[in-house]
Amino acid sequence: MTSCGCLVLEKPEDHGGGAVARGTVKVAPGSGCGSCAGEWRSRSEAIFPIYVMGNSRASSVAAARGIVDSAGDPIWEAVQSEAKSEAEKEPILSSFLYASVLSHDCLERALSFTLANRLEDPTLLATQLIDIFNDVMMNNKDICRSIRLDAQAFKDRDPACAQYSWALLYLKGYQSLQSYRIAHVLWNQGRRVLALALQSRISEVFAVDIHPAAKIGEGILLDHGTGLVIGETAVVGNWVSLMQGVTLGGTGKEHGDRHPKIGQGALIGAGATILGNINVGEGAMIAAGSLVLKDVPPHSMAVGNPAKVVGYTEKEDPSLTMKHDARRDYFEHVAIRYSDDTANGSVVK
């Protein structure tokens, strides 16, 4: 065991029956050198299995089930260690990192501070927003779980996010998503004017417009986020990845349920537009720039304007692999599956 100040990791034990014991986290005393960061990142998947989604649905479900009941908080521990290391490497940021991370006792309070200072304006003061955000996050177990699973999603799927602290402090896709989560709770509490005021600020600051009534699952990646629009009655399932410029919109001025429903594990490419009360199936992939106006079957790939199904995959969820290219495996089943779905009318034509 070293005393560099980095995380000291202990490998979990297998107690049989397929159950994996939770890993433990300790912070070694010392000033912290940051030299262990690369080793920690390469081993984190083995050490913290309840936080890791990987490429399988099973590991994603296990993460959601175990994250709140974990004996420790490895993601928060990692954020603290990363912030300490970065403060030593970049002294000019030491005050910022202390105020944003190191002065807080949990991820929720650090996130409240960060979001409040991003969203404040002359009438929505940071001190007021911190109180509101803390009250929401410290009393809502769903958000406690979601902010960690979202952070893991960014770390796993975005190669530009090398550390958990980067998502918390610098990536507006993550920050806008967590701001939406707070507004969504306020909306459901009947505080709709405040929720709409937050939506307006989120749109101004992050260029991300998510209606607070929309329903969004956990383990979500908003990659870049710029130009993203999600309408009032839209539903986004768990583990979905959405690129920049995606629109989940309606098709007219009708009221009621009028926005798309995105299935678990779907990947929505940059600039894709999905309109109306339609379903994008689990594990489906919508190619960049596509216009989707009809249902898309599960585990299929839709491309074009208007979008058409061009293939299927029976393997990993595309949201977890983040592979947008039309690899051969997307076409392995197209001959049989496409003809069958065309016959029964379930394919997008």
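- Atom CG of L222 is separated from atom CD1 of I216 by 7.0 Å, given to the nearest 0.5 angstrom.
- Judged by distance alone, with hydrogens and angles left aside, the side-chain atoms of S81 form no donor-acceptor pair with the main-chain N or O of E77 at under 3.5 Å.
- Rounded to the nearest 0.5 angstrom, Q244 CD and I268 CD1 are separated by 13.0 Å.
- Partners of S290 according to the side-chain hydrogen bond (donor to acceptor under 3.5 Å, both in side chains) rule, which considers only residues two or more places apart in sequence or in another chain, do not exist here.
- Within the 4.5 Å cutoff, side-chain heavy atoms of I130 are placed close to those of N134.
- Within the 3.5 Å criterion, the main-chain N or O of I230 finds no donor-acceptor partner in the side chain of H259.
- Between atom CG of residue L107 and atom CG of residue L168 there is a gap of 6.0 Å, rounded to the nearest 0.5 Å.
- Of the residues K215, R192, R258, the one that meets the salt bridge (charged side-chain N to carboxylate O under 4.0 Å, His left out) test with E232 is R258.
- Within the 4.5 Å cutoff, the side chain of L169 has heavy atoms near those of the L97 side chain.
- Side chain of T251 to main chain of G276: no donor-acceptor pair is present (N/O by atom type, distance under 3.5 Å, no hydrogens or angles).
- Between E120 atom CD and T127 atom OG1 the span is 8.5 Å, to the nearest 0.5 Å.
- Looking only at distances, a side-chain donor or acceptor of S179 sits under 3.5 Å from a matching main-chain atom of Q175.
- The main-chain N or O of D135 is found under 3.5 Å from a side-chain atom of N139 such that the two form a donor-acceptor pair.
- With a 4.5 Å cut-off on side-chain heavy atoms, Q199 and D209 count as touching.
- D223 has no carboxylate O lying under 4.0 Å from a charged side-chain N of R157, or vice versa, which leaves the two without a salt bridge.
- Using a 4.5 Å heavy-atom cutoff, the side chains of V296 and M285 are not in contact.
- S176 and I202 make their closest contact through CB-CG2, 4.2 Å (heavy atoms, listed as atom of the first residue, atom of the second, distance).
- Between G250 and L275 the shortest heavy-atom distance is O-CD2, 3.6 Å.
- With sequence neighbours excluded, the residues satisfying side-chain hydrogen bond (donor to acceptor under 3.5 Å, both in side chains) with K261 are D257, N277.
- Counting only heavy atoms from C-beta outward, the side chains of S165 and V101 never approach each other to under 4.5 Å.
- At a threshold of 4.0 Å, the pair R148-E218 does not count as salt-bridged, since none of the basic side-chain nitrogens sits closer than that to a carboxylate oxygen.
- Across all non-hydrogen atoms, the minimal contact from L111 to Y174 is CD1-CE2, 4.1 Å.
- The number of heavy-atom neighbours closer than 6.0 Å to OH of Y170, taken from other residues, nucleotides and ligands shown, is above 12.
- If you chain together hydrophobic residues whose side chains sit under 4.5 Å apart, V229 and V292 never meet in one group.
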(request) Might you work through the side-chain contact (heavy atoms from CB on, under 4.5 Å) test for E86 and Q163, ending with a clear yes or no? (result) CA-CA 11 Å; E86 294 299 326; Q163 298 184 3; 3.4 Å; yes

(request) Please report the C-alpha distance between Q152 and Y164 in whole Å, then the side-chain angles of each, then the deciding distance to 0.1 Å, and finally whether the side-chain contact (heavy atoms from CB on, under 4.5 Å) criterion is met. (result) CA-CA 7 Å; Q152 187 68 56; Y164 294 105; 2.8 Å; yes

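- Clustering ILVMFWY residues whenever any of their side-chain heavy atoms sit less than 4.5 angstrom apart, transitively, puts L196 in a cluster other than the one holding I210.
- Annotation: side chain of L248 is in contact with side chain of L242 (closest heavy-atom distance under 4.5 Å).
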(message) Please determine whether side-chain contact (heavy atoms from CB on, under 4.5 Å) holds for the pair L293 and I278, giving the CA-CA distance in whole Å, both sets of side-chain angles, and the decisive distance to 0.1 Å.
(response) CA-CA 7 Å; L293 300 174; I278 61 175; 5.6 Å; no

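- The nearest pair of heavy atoms linking L228 to M243 is CD1-O, 4.3 Å.
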(request) Assess whether side-chain contact (heavy atoms from CB on, under 4.5 Å) is satisfied between L129 and L198, documenting all intermediate values. (result) CA-CA 10 Å; L129 292 177; L198 282 177; 4.1 Å; yes

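- Clustering ILVMFWY residues whenever any of their side-chain heavy atoms sit less than 4.5 angstrom apart, transitively, puts F96 in the very cluster that holds L102.
- Transitive grouping of hydrophobic side chains (ILVMFWY, heavy atoms separated by less than 4.5 Å) brings L93 and L171 into a common cluster.
- When atom types are taken as modelled, the side chain of Y180 and the backbone of A214 share a donor-acceptor pair closer than 3.5 angstrom.
- Note that CG of L115 and CZ of F206 are 6.0 Å apart. Values are rounded to the nearest 0.5 Å.
- For the atom pair OG1 of T273 and CG of N305, the computed distance is 8.5 Å after rounding to the nearest 0.5 Å.
- Under the 4.5 Å side-chain heavy-atom criterion for ILVMFWY residues, a single connected hydrophobic cluster contains both I92 and W166.
- No donor-acceptor pair closer than 3.5 Å links the side chain of S146 to the backbone N or O of I143.
- Judged purely by atom type and a 3.5 angstrom limit, D121 uses its side chain to pair as donor or acceptor with the backbone of T123.
- Across R201 and R118, no two heavy atoms sit closer than the pair NH2-O, 4.1 Å.
- Minimum heavy-atom separation, A213 to W187: CB-NE1, 3.4 Å.
- The aromatic rings of F113 and H104 are tilted relative to each other, their planes meeting at an angle between 30° and 60°.
- Between R181 and L177, some side-chain heavy-atom pair lies under the 4.5 Å cut-off.
- At a threshold of 4.5 Å between non-hydrogen side-chain atoms, the residues L221 and M322 count as touching.
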